[in-house]
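Report on the structure given below.
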Amino acid sequence: MFEQTAKKLKNKKIRPTAMRQLVLDVFMKSQYALSLSDIEEELDYADKSTIFRTLKTFEEKKVIHSIDDGSGSLKYALCHADCEIHHNDFHVHFVCENCKKTYCMNQISIPTVSLPKDFTASSANMIVKGKCPNCSKKE
Ligand SMILES: [Zn+2]
Ligand SMILES: [Zn+2]
Ligand SMILES: [Zn+2]
């Protein structure tokens with residue numbers, strides 16, 4: 001039933017428990033980034049702390065990356081295949097001001113900024129706000 005999720009987890013050296021496969025399945029079906037409570041809603045029989053631990057494991061193992069979209073709750077989305085030792089998700093994120101959904105713009109990378117002497121960047125976060133295709137269609 002969960003062949004795809006089991007394979008993906010094994011590739012990342014994660015033991016494919018039922019819970020982990022369920023959470024991964026939610027991500028694989030979603031077009032946008034998900035918060036802890038979004039996942040809790042999808043899997044209403046699972047408890048929040050278990051989901052949270054699963055998310056932390058996934059983030060450490062580079063299955064998902066977290067996004068601070070300014071909404072106050074972290075969102076998570078699947079990583080690119082090239083996240084191995086470090087996260088490589090330096091892409092732009094788009095937040096729809098109407099439906100509040102956050103999307104990964106995987107094909108748009110964050111422009112490199114040249115920092116003053118002695119400043120070293122370790123990560124960058126770029127959020128573009130506006131209206132998503134679904135919300136634009138409704139007008
Ligand atoms: Zn990543
Ligand atoms: Zn929208
Ligand atoms: Zn992303």
Side-chain angles (χ1 to χ4, degrees):
M1 177 188 177
F2 283 127
E3 238 174 88
Q4 238 196 327
T5 50
K7 207 175 146 207
K8 203 171 161 81
L9 291 173
K10 280 182 195 152
N11 281 343
K12 295 284 186 177
K13 300 192 168 46
I14 304 171
R15 199 162 50 88
T17 61
M19 186 65 198
R20 287 169 180 166
Q21 294 195 57
L22 285 170
V23 174
L24 183 59
D25 190 56
V26 175
F27 277 107
M28 288 171 80
K29 282 181 185 150
S30 179
Q31 304 296 313
Y32 47 85
L34 301 162
S35 68
L36 177 57
S37 29
D38 291 334
I39 297 160
E40 202 190 4
E41 254 170 59
E42 285 290 322
L43 309 171
D44 46 18
Y45 42 85
D47 77 66
K48 203 167 188 159
S49 58
T50 314
I51 301 173
F52 184 73
R53 277 201 309 274
T54 307
L55 292 176
K56 286 292 137 196
T57 307
F58 281 5
E59 195 182 3
E60 272 164 34
K61 301 282 190 181
K62 319 289 182 291
V63 177
I64 57 173
H65 59 283
S66 61
I67 306 145
D68 181 0
D69 62 3
S71 67
S73 52
L74 275 185
K75 301 272 172 69
Y76 300 88
L78 287 178
C79 281
H80 271 164
D82 59 0
C83 287
E84 300 250 325
I85 297 157
H86 301 288
H87 278 290
N88 246 328
D89 312 279
F90 298 127
H91 51 259
V92 169
H93 289 101
F94 183 92
V95 180
C96 177
E97 289 171 310
N98 188 53
C99 64
K100 313 288 179 211
K101 289 188 170 101
T102 301
Y103 297 83
C104 287
M105 307 274 103
N106 288 323
Q107 63 281 40
I108 309 171
S109 40
I110 296 177
T112 21
V113 284
S114 40
L115 294 167
K117 192 181 176 288
D118 298 331
F119 288 85
T120 333
S122 61
S123 72
N125 186 12
M126 189 173 182
I127 302 284
V128 177
K129 292 189 180 180
K131 215 179 258 184
C132 76
N134 279 338
C135 294
S136 300
K137 264 184 243 158
K138 279 179 200 147
E139 291 208 329

Backbone N/O of E59 and side chain of H87: donor-acceptor pair under 3.5 Å: yes
Starting at CG of L43, measure out to CG of D38 and round the result to the nearest 0.5 Å. 11.0 Å
Shared ILVMFWY cluster between F90 and V63, side chains joined below 4.5 angstrom? no
Please work out which of the three classes, parallel, tilted or perpendicular, describes the rings of H65 and H91, given edges at 30° and 60°. perpendicular
OG/S30 to OH/Y103 distance, rounded to the nearest 0.5 angstrom? 8.5 Å
Atom SG in C132, atom NZ in K137: separation rounded to 0.5 Å? 8.5 Å
Hydrophobic cluster membership, I64 vs I127, 4.5 Å side-chain cutoff: no
For K29, the salt bridge (charged side-chain N to carboxylate O under 4.0 Å, His left out) test, sequence neighbours excluded, returns D25
Under 4.5 Å between any side-chain heavy atoms of E40 and L36, yes or no? no
Here the gap from Q4 atom CD to L9 atom CG, rounded to the nearest 0.5 Å, amounts to 11.0 Å
Criterion side chain to side chain contact (heavy atoms under 4.5 Å, CB included) on F27 and T5, from CA distance to verdict: CA-CA 10 Å; F27 277 107; T5 50; over 6 Å; no
Do you know which two heavy atoms are closest between P16 and K10, and how far apart they sit? CG-CE, 3.8 Å
Are any side-chain N or O atoms of R20 and backbone N or O atoms of T54, one a donor and one an acceptor, separated by less than 3.5 Å? no
Looking at every heavy atom in both Y76 and S66, which two are closest together, and how far apart are they? CE2-CB, 3.6 Å
Going from SG on C96 to CG on N134, what distance comes out if it is rounded to the nearest 0.5 angstrom? 8.5 Å
S49: what forms a side chain to side chain donor-acceptor pair (under 3.5 Å) with it, not counting sequence neighbours? D47
Are M19 and L34 linked, directly or through other ILVMFWY residues, by side chains that come within less than 4.5 angstrom of each other? yes
Are any non-hydrogen side-chain atoms of S37 and S73 less than 4.5 angstrom apart? no
Nearest heavy-atom neighbours spanning N98 and C135: ND2-SG, 3.1 Å
Tightest non-hydrogen contact, residues M126 and P111, listed as SD-CD, 3.8 Å
Within a strict 4.5 Å, meaning less than it, do heavy atoms of the L22 and Y45 side chains meet? yes
Side-chain contact test, heavy atoms from C-beta onward, threshold under 4.5 Å: evaluate it for V128 versus I108 and give yes or no. no
Would you find a donor on one side and an acceptor on the other, under 3.5 Å apart, between the side chain of K100 and the backbone of E97? yes
Stepwise side chain to side chain contact (heavy atoms under 4.5 Å, CB included) test for M28 and K8: CA-CA 11 Å; M28 288 171 80; K8 203 171 161 81; 4.1 Å; yes
Does M105 CE have over 12 foreign heavy atoms under 6.0 Å away? yes
How long is the span from the CG atom in N11 to the NZ atom in K7, to the nearest 0.5 Å? 6.5 Å
Shortest non-hydrogen contact from D89 toward C79: OD2-SG, 3.5 Å
Please check this pair: side chain of D69 against backbone of V95, looking for a donor-acceptor N/O pair closer than 3.5 Å. no
K62 backbone acceptor or donor facing K12 side chain under 3.5 Å: yes
V26 with I67, same ILVMFWY side-chain cluster at under 4.5 Å: no
I'd like to know whether OH of Y32 has more than 12 heavy-atom contacts from other residues, nucleotides or ligands below 6.0 angstrom. no
Atom of C83, atom of N88 and distance for their closest heavy-atom approach: SG-N, 3.1 Å
